[in-house]
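A short write-up of the structure that comes next.
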Number of protein chains: 4
Amino acid sequence: MGKVAGVSSAPRPRGRPRSEKTRQAILAAADELFLEHGLDAVNMDEVAERAGASNSTIYRWWPSKHVLALDALVTAWEEATGLDRDRGSLRADLRALVRPWVKRVAARPYARMIAALVAEVHRDPAFGEIWRVDFVQERRRRGRAAFVRAIERGEIAASTDVELALDLLYGSLYHRLLHGHEPITERIGDRIVDAVLGGVTELARSA
Amino acid sequence: MGKVAGVSSAPRPRGRPRSEKTRQAILAAADELFLEHGLDAVNMDEVAERAGASNSTIYRWWPSKHVLALDALVTAWEEATGLDRDRGSLRADLRALVRPWVKRVAARPYARMIAALVAEVHRDPAFGEIWRVDFVQERRRRGRAAFVRAIERGEIAASTDVELALDLLYGSLYHRLLHGHEPITERIGDRIVDAVLGGVTELARSA
Amino acid sequence: MGKVAGVSSAPRPRGRPRSEKTRQAILAAADELFLEHGLDAVNMDEVAERAGASNSTIYRWWPSKHVLALDALVTAWEEATGLDRDRGSLRADLRALVRPWVKRVAARPYARMIAALVAEVHRDPAFGEIWRVDFVQERRRRGRAAFVRAIERGEIAASTDVELALDLLYGSLYHRLLHGHEPITERIGDRIVDAVLGGVTELARSA
Amino acid sequence: MGKVAGVSSAPRPRGRPRSEKTRQAILAAADELFLEHGLDAVNMDEVAERAGASNSTIYRWWPSKHVLALDALVTAWEEATGLDRDRGSLRADLRALVRPWVKRVAARPYARMIAALVAEVHRDPAFGEIWRVDFVQERRRRGRAAFVRAIERGEIAASTDVELALDLLYGSLYHRLLHGHEPITERIGDRIVDAVLGGVTELARSA
DNA sequence: GTGTAATCGAGACGGTACGTCGAGTCTTGTG
DNA sequence: CACAAGACTCGACGTACCGTCTCGATTACAC
């Protein structure tokens with residue numbers, strides 16, 4: 001992945017250094033092609049060609065197609081992530097989290113991408129580890145922070161099971177995304193936040 | 001898939017009839033092998049061999065590996081599904097729904113199977129349709145019935161968004177299953193039911 | 001094949017008798033389809049359909065596709081074979097043999113058919129036997145007769161190696177037909193006859 | 001096929017060079033297996049395995065089984081072809097041509113191989129072209145040279161139809177080989193040469 | 001500058017599953 | 001029995017693409 005590596009005090013490796021330009025071109029090509037056509041519909045040579053790189057350069061730095069795809073996804077996702085400031089209430093914080101997610105996911109075929117990666121998670125445990133560290137926990141971290149602030153603020157009980165709350169929140173969203181039984185809209189995002197906060201009761205009131 | 005029903009007064013088809021024994025042997029072989037080793041780790045010839053059938057007989061009746069896997073999954077799932085009787089309260093009904101699901105899913109590697117199928121859903125829209133009709137809606141139907149009974153009973157507001165409630169419930173469960181960040185236990189099942197019913201508040205109380 | 005079978009004094013078999021109409025329809029369908037599109041481009045179901053018969057009826061009477069094709073070829077070839085009368089000279093006799101052959105072979109894609117059957121001859125020795133008995137020897141018989149008459153007539157030496165002469169004659173013709181390096185014309189047929197007659201002298205001397 | 005020649009100053013192709021060792025191993029495996037068991041009795045994976053190569057490497061360089069078989073045949077045939085020197089008389093030249101051919105063909109089941117290729121010639125015109133260029137014309141070239149020398153030498157008439165003479169010669173040989181009605185022996189080879197020489201006179205006269 | 005050591009592009013290679021196709025056999029019910 | 005219908009077994013085909021490998025060409029730093 002690369003990010004894992006370089007601490008500042010690298011021992012200055014000998015030989016020709018890795019081309020940063022090529023690295024970014026590969027990630028950009030992967031992001032575009034995989035997202036646009038789907039992971040299975042694009043082969044590595046096409047990514048290489050689009051990036052102006054070669055098959056072997058990709059495999060020198062990424063161990064597999066799926067790891068590359070994940071890296072590309074994470075990279076693109078990070079660039080587009082806004083700040084994480086306190087909105088004053090849990091509801092506002094969660095909405096600020098959910099709304100961009102919904103917008104992003106509704107705009108481009110991320111569902112296909114994520115579904116393919118999730119499948120790989122269960123096919124290759126090593127990839128699963130990378131997935132959880134680089135993607136899942138990274139997403140949950142911000143949601144968790146919002147709940148923690150709410151507890152500190154006295155807005156919700158200190159004993160709240162934050163992890164479960166996150167499952168409720170993200171679970172509902174990913175469920176719609178992956179199972180595809182209903183479309184994902186901004187309005188649904190808000191209502192899910194409400195429901196998580198209030199349960200079934202809220203489901204009636206916010207109808 | 002076969003379940004197309006078929007009215008009782010079948011027009012008596014000509015020719016050698018399809019072998020019901022072979023059909024079941026194929027479904028059983030698919031269920032066992034795909035579940036045990038994963039969809040990608042098993043090829044069609046292995047399924048055929050285990051079923052004592054031939055490659056082409058499989059392809060004559062199932063258009064692809066994924067459709068076969070889904071049929072096998074649905075068939076096995078149906079056999080094991082208990083009755084759907086009224087337990088008196090929404091909480092009890094939902095628990096009666098969730099507990100067997102959790103037990104089943106914890107016992108065998110269903111996550112891998114479902115992840116692979118979900119990926120295919122997004123790869124092939126036609127398969128997505130089959131998936132939603134044969135699997136998703138079939139599972140949701142029973143949950144929906146529980147909510148409807150609760151409304152009739154006056155237990156929850158008539159205006160409750162049942163679909164969203166189902167997303168909350170199944171979403172949380174599938175989220176844990178697919179993303180694999182936390183294990184799935186019986187206890188978690190109950191707590192998710194509680195949380196769906198009461199939202200974050202309940203998350204504190206039931207902790 | 002059929003012709004091999006039935007001696008006249010059949011013991012009158014029980015049950016439904018074989019349909020002669022169907023037999024001929026199958027042979028006709030095989031002749032047309034195989035000759036027109038090639039043995040490999042036509043499958044047995046197509047022959048069956050064209051004949052208004054079924055797959056299994058064909059296989060009840062002909063043991064394989066190639067045997068059927070050969071039977072069809074022989075049948076059609078026989079119908080079209082003229083009489084074998086004495087033309088007065090060996091040259092005239094041979095021309096009377098070669099000309100219709102050339103005409104026939106130039107008019108329709110027999111080369112493809114024969115090439116496929118010859119290949120099968122070497123793939124399956126049992127078929128080779130049928131081929132030689134029903135087709136090769138049958139064709140050579142008439143050529144041989146012409147040479148025998150020439151010998152009786154004193155036109156060529158009695159020591160002439162007739163078999164070799166036949167190889168020279170038919171060999172040249174089949175060579176052009178099968179190897180396809182040069183087209184087959186009526187004129188070529190005559191010249192081959194002339195050349196063979198020139199060589200025959202030598203055939204006697206070197207015996 | 002490879003024989004495209006290539007001028008000495010090759011522009012030094014980029015990338016990993018084709019493995020000459022593998023190429024030869026594949027040709028050798030094809031030659032042995034196809035000749036030994038017949039083209040249809042051997043599948044490509046068996047050839048690949050015997051060659052220590054992979055299925056896809058074969059298909060990368062040879063478009064079909066038949067083309068591979070032909071290449072293997074031509075390669076093996078070429079290696080075993082002696083020099084083409086003048087023996088002083090047409091008869092001696094032709095015998096020098098025919099005898100090794102007979103010996104070769106009698107020793108191993110070439111008939112089956114050639115019959116299969118000839119069938120393919122008529123099934124696939126593109127293959128027919130390769131066949132004629134790489135095999136047929138190549139074989140005829142040397143026979144033609146012998147006749148040309150005989151003409152220059154004044155041994156036979158200048159008006160002799162050499163092509164027809166070649167058909168007589170090779171036609172008889174191939175006829176015995178392919179139709180299988182009589183065995184092929186050294187003696188027969190010589191007698192065919194004699195017969196052809198006798199016919200050649202006629203070939204000039206009737207021109 | 002020159003040497004060393006790594007990267008890069010090009011492309012061949014092994015491995016392996018896919019889904020298709022056809023020959024020939026078997027199993028029904030009908031005539 | 002013969003026959004039509006059509007399901008079944010067997011097994012090859014040629015395709016696709018992943019990830020590995022082998023080259024020569026290139027690039028940076030160290031000396």
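What you see below is based on every heavy atom in this structure, not just the backbone, and it leaves out hydrogens, waters and symmetry mates.
With DNA chain F read from its 5' end, the first of the two nearest nucleotides for D:Ser56 and B:Gly15 is the one closest to B:Gly15. When each of A:Glu20 and B:Leu39 is assigned the nucleotide of DNA chain E bearing its nearest heavy atom, the one mapping closer to the 5' terminus is A:Glu20.
Side-chain N or O atoms of A:Glu46 include one that pairs as donor or acceptor with a backbone N or O of A:Asn43 at under 3.5 Å. A donor-acceptor pair under 3.5 Å is formed between the side chain of B:Lys65 and the backbone N or O of B:Leu39. Of the possible donor and acceptor atoms, one in the side chain of C:Thr75 sits under 3.5 Å from a partner among the backbone N and O of C:Asp71.
For DNA chain E, the neighbouring residues in residues 42-52 of chain C, judged by any heavy atom under 4.0 Å, are C:Val42, C:Asn43, C:Met44.
Using a 4.0 Å cut-off, some side-chain N or O of D:Tyr59 falls inside it from OP1 or OP2 of F:dG14. Dashed line: the shortest gap from a side-chain N or O of D:Thr57 to OP1 or OP2 of E:dG14 is under 4.0 Å. For the pair A:Trp61 and E:dC8, the criterion of a side-chain N or O lying under 4.0 Å from OP1 or OP2 is met.
Put simply, the side chain of A:Arg16 and the base of F:dT27 share no donor and acceptor less than 3.5 Å apart. The base of E:dT7 is not paired with the side chain of A:Arg18 by any donor and acceptor separated by under 3.5 Å.
Note: CZ (A:Arg60) to C1' (E:dG9) measures 9 Å, nearest angstrom. Distance CG (D:Leu33) to P (F:dA12): 13 Å, rounded to an integer number of Å. If you measure from atom CZ of C:Phe127 to atom P of E:dG24, you get 11 Å, rounded to the nearest angstrom. Rounded to an integer number of Å, the gap from CD1 of C:Ile58 to C1' of F:dC3 is 12 Å. In this structure, CG of D:Asn55 is placed 9 Å from C1' of F:dT15, rounded to the nearest angstrom. C:Ile26 has its CD1 atom 12 Å from the C1' atom of F:dA2, to the nearest Å. We find that NZ of D:Lys65 is positioned 7 Å from C1' of F:dA12, with the value rounded to whole Å. As rounded to whole Å, 14 Å separates atom C1' of E:dG31 from atom NZ of C:Lys21.
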Could you give the side-chain donor-acceptor pairs of residues 26-37 of chain A under 3.5 Å, partners two or more places apart or in another chain?
from	atom 1	to	atom 2	distance (Å)
A:Glu32	OE1	A:Arg50	NH1	2.4
A:Glu36	OE1	A:Arg108	NH2	3.2

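Remark: D:Arg18 qualifies as a cation-pi partner of D:Trp61 under the 6.0 Å distance and 45° angle criteria applied to the six-membered ring.
Put simply, the side chain of B:Phe127 reaches to within 4.5 Å of the side chain of B:Leu117, judged on heavy atoms. In this structure the side chain of B:Trp131 reaches within 4.5 angstrom of the side chain of B:Val118, judged on heavy atoms.
Here D:Asp40 lies out of heavy-atom contact (under 4.0 Å) with every strand.
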